[in-house]
Amino acid sequence: MKNHNQALFRRIFLALAFFSMIPCAVFSENKQLVIPQKVYVGDTVEIKYLFHSDANIFSEYLERIDRIELSKDYSFFAEQSDSFAVKNIYIERNGSEYDLSLTIVPWKNGILTIPPFDLTALIRESLKKSAGGISFTVKLDSINVHSLLHQKNVTNFMPQSPPLMLPGTTALLAIFSLILVFIMSALVYFASKIPTFAQFIEQILYILSLRHNSRSAIKELNKLLKKGSRITEDKDYAAEIQRIFRSFLRERFSHDFQAVSTGKIYEEFLELFGGELLGFQASAVEKLTEIFFRTDYIRFARDSHFEDGERVRLTKESIQLIFDFNADEKTNGEEESN
């Protein structure tokens with residue numbers, strides 16, 4: 001009887017020792033690779049989490065050599081949608097070696113920290129399996145996401161030549177517009193005779209066209225705010241913001257932005273202004289790119305939607321950007337003095 005109890009105690013002890021060694025085997029020799037090494041906002045980034053385990057921790061899901069495509073719609077990833085979007089995720093096994101690959105697109109610059117998550121729970125949800133298996137927590141290292149300004153190595157910018165603003169008040173402009181109607185024929189005659197006078201008239205018409213373009217765009221965005229509740233689909237609202245702003249940019253800079261992808265917006269402005277921008281202009285272009293990246297995500301990412309109040313915030317930011325793109329000489333000087 002005594003020998004029987006000793007044998008039973010030995011079996012229990014060996015079982016406890018085996019299970020106590022499982023966490024050590026599970027978490028041994030894990031490392032993380034990030035491709036590319038330098039990450040910018042809007043880049044497609046692959047995070048590879050490699051680990052070795054002699055314990056067959058996923059035996060009911062993975063064979064000795066196997067691969068499982070995991071769900072991008074996992075609730076944990078949906079909670080992180082403000083910081084990044086998941087394009088693809090899978091786990092691959094080769095003997096005791098495991099390779100977890102996560103492909104994401106970061107939306108914000110700065111330190112991106114992905115909270116720890118249970119890989120076993122993710123596999124179960126992806127395979128529509130019931131609860132079970134050993135919990136395996138994945139803890140990924142933080143990633144430094146750089147802004148587009150760092151990507152272009154922009155430090156100092158040359159100013160865009162701003163339009164000359166007509167001195168005077170709104171009343172003066174209204175009076176001048178009435179006078180312009182009556183003496184248009186005379187102005188045409190003098191314009192053909194005096195080149196400097198023709199340039200003056202051309203400048204006036206340019207200023208008026210800029211103001212008309214800005215007012216039209218702001219009016220459309222304000223209308224969008226008022227009728228926003230009638231646009232049920234967030235992707236339609238996001239598309240409307242981009243349509244209005246791209247039309248404004250086309251008239252403002254006499255350049256077609258309709259076919260320019262969001263990722264090429266910054267390069268398009270650099271080329272348009274001879275390779276250099278003023279600091280406040282670069283900030284405006286970067287803010288525009290952020291708005292376009294966000295609205296692109298809402299338009300094309302499956303099951304994506306705006307947060308509460310985000311429609312109003314993005315629309316008001318777009319209105320402010322119109323003023324930023326029409327910055328005058330005074331704003332230019334303040335930016336240079338800073």
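The structure presented is a predicted model; accordingly, all values stated were derived computationally and were not measured.
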Short side-chain to backbone donor-acceptor contact, R93 and G95, under 3.5 Å: yes
Side chains of T120 and S135, donor plus acceptor under 3.5 Å: no
Output field: ring centroids F280/F325 closer than 6.0 Å: no
Under 3.5 Å: donor-acceptor pair, side chain of Q281, backbone of L278: yes
Enclosure of K235 NZ (heavy-atom neighbours >12, cutoff 6.0 Å): no
Where H305 and D303 come nearest, the two heavy atoms and their spacing: CD2-O, 3.8 Å
Main-chain N/O of F306 paired to D234 side chain as donor or acceptor, under 3.5 Å: yes
Side-chain heavy-atom pair V181, I179 within 4.5 angstrom cut-off: no
Y49/Y98 aromatic ring centres below 6.0 Å: no
Under 3.5 Å: donor-acceptor pair, side chain of S304, backbone of Y297: yes
Contact check, side chains of L119 and T137, non-hydrogen atoms, under 4.5 Å: no
Rounded distance [0.5 Å steps], CD in E276 versus CG in L270: 9.0 Å
Hphob cluster co-occupancy, Y90 + L50, side-chain heavy atoms under 4.5 angstrom: no
Spacing of D99 atom CG and F51 atom CZ [to the nearest 0.5 Å]: 9.0 Å
Audit row: L102, L140, side chain to side chain contact (heavy atoms under 4.5 Å, CB included) steps and yes/no: CA-CA 11 Å; L102 176 65; L140 299 175; 4.2 Å; yes
Chi angles and distances behind the side chain to side chain contact (heavy atoms under 4.5 Å, CB included) call for I47, T103: CA-CA 6 Å; I47 304 173; T103 304; over 6 Å; no
R243 CZ to R246 CZ distance, which is reported to the nearest 0.5 Å: 12.5 Å
Heavy-atom pair of closest approach, residues L112 and S83: CD1-CB, 3.9 Å
Electrostatic pair E220-K223, nearest N-O below 4.0 angstrom: no
Charged N-O contact under 4.0 Å between R299 and D236: no
Exercise: do D296 and Q242 side chains pair donor with acceptor under 3.5 Å: yes
K287 side chain near E317 side chain, heavy-atom distance below 4.5 Å: yes
Side chain to side chain, H52 and N30, heavy atoms closer than 4.5 Å: no
Under-4.0 Å salt bridge between R302 and D73: yes
Side-chain donor-acceptor contact under 3.5 Å, S126 with E69: no
Output field: ring centroids F245/F248 closer than 6.0 Å: yes
From CA spacing to verdict: side chain to side chain contact (heavy atoms under 4.5 Å, CB included), K264, S261: CA-CA 5 Å; K264 298 292 185 181; S261 65; 3.2 Å; yes
Non-hydrogen side-chain atoms of E286 and S283 separated by less than 4.5 Å: no
Closest approach of L122 to S71 (non-hydrogen atoms, all atoms of both residues): CD1-O, 3.9 Å
Minimum heavy-atom distance between T262 and T289, given as atom pair plus value: CG2-O, 3.9 Å
F117 and F136, any side-chain heavy atoms less than 4.5 Å apart: no
Shared hydrophobic cluster for I35 and I114 (ILVMFWY, side-chain gaps under 4.5 Å): no
More than 12 heavy atoms of other groups within 6.0 Å of E46 CD: yes
R294 bridged to E310 by N-O distance under 4.0 Å: yes
In one Ile/Leu/Val/Met/Phe/Trp/Tyr side-chain cluster, 4.5 Å: L100, L127: yes
Distance-minimising heavy-atom pair for I322 and I218: CD1-CG1, 3.7 Å
Interatomic distance, L225 atom CG to I319 atom CD1 [nearest 0.5 angstrom]: 5.5 Å
Minimum heavy-atom distance between Y40 and P106, given as atom pair plus value: O-CG, 3.9 Å
Sequence-distant partners of Y74, ring pair (Phe, Tyr, Trp, His ring centres under 6.0 Å), two or more places apart: F77
Check: Q258 main-chain N/O paired with D256 side-chain donor or acceptor under 3.5 Å: yes
Criterion side chain to side chain contact (heavy atoms under 4.5 Å, CB included) on F257 and E268, from CA distance to verdict: CA-CA 9 Å; F257 284 84; E268 198 75 8; 4.1 Å; yes
Y237 versus T315, side-chain donor and acceptor atoms under 3.5 Å: yes
Working for ring-ring contact (aromatic ring centres under 6.0 Å, His included), residues W107 and F84: CA-CA 5 Å; W107 302 122; F84 62 89; 9.4 Å; no
Spacing of CZ belonging to R252 relative to CG belonging to L210, to within rounding of 0.5 Å: 5.5 Å
Test side chain to side chain donor-acceptor pair (under 3.5 Å) applied to E251 and S209, step by step: CA-CA 9 Å; E251 299 298 326; S209 67; over 6 Å; no
Pairwise side-chain contact, V41 with V145, heavy-atom cut-off 4.5 Å (strictly under): yes
Cluster overlap F300 with I291, hydrophobic side-chain contacts below 4.5 Å: no
CG on L314 to CG on L221, rounded to 0.5 Å: 11.0 Å
Flag side-chain contact, heavy atom, 4.5 Å: K38 against H146: yes
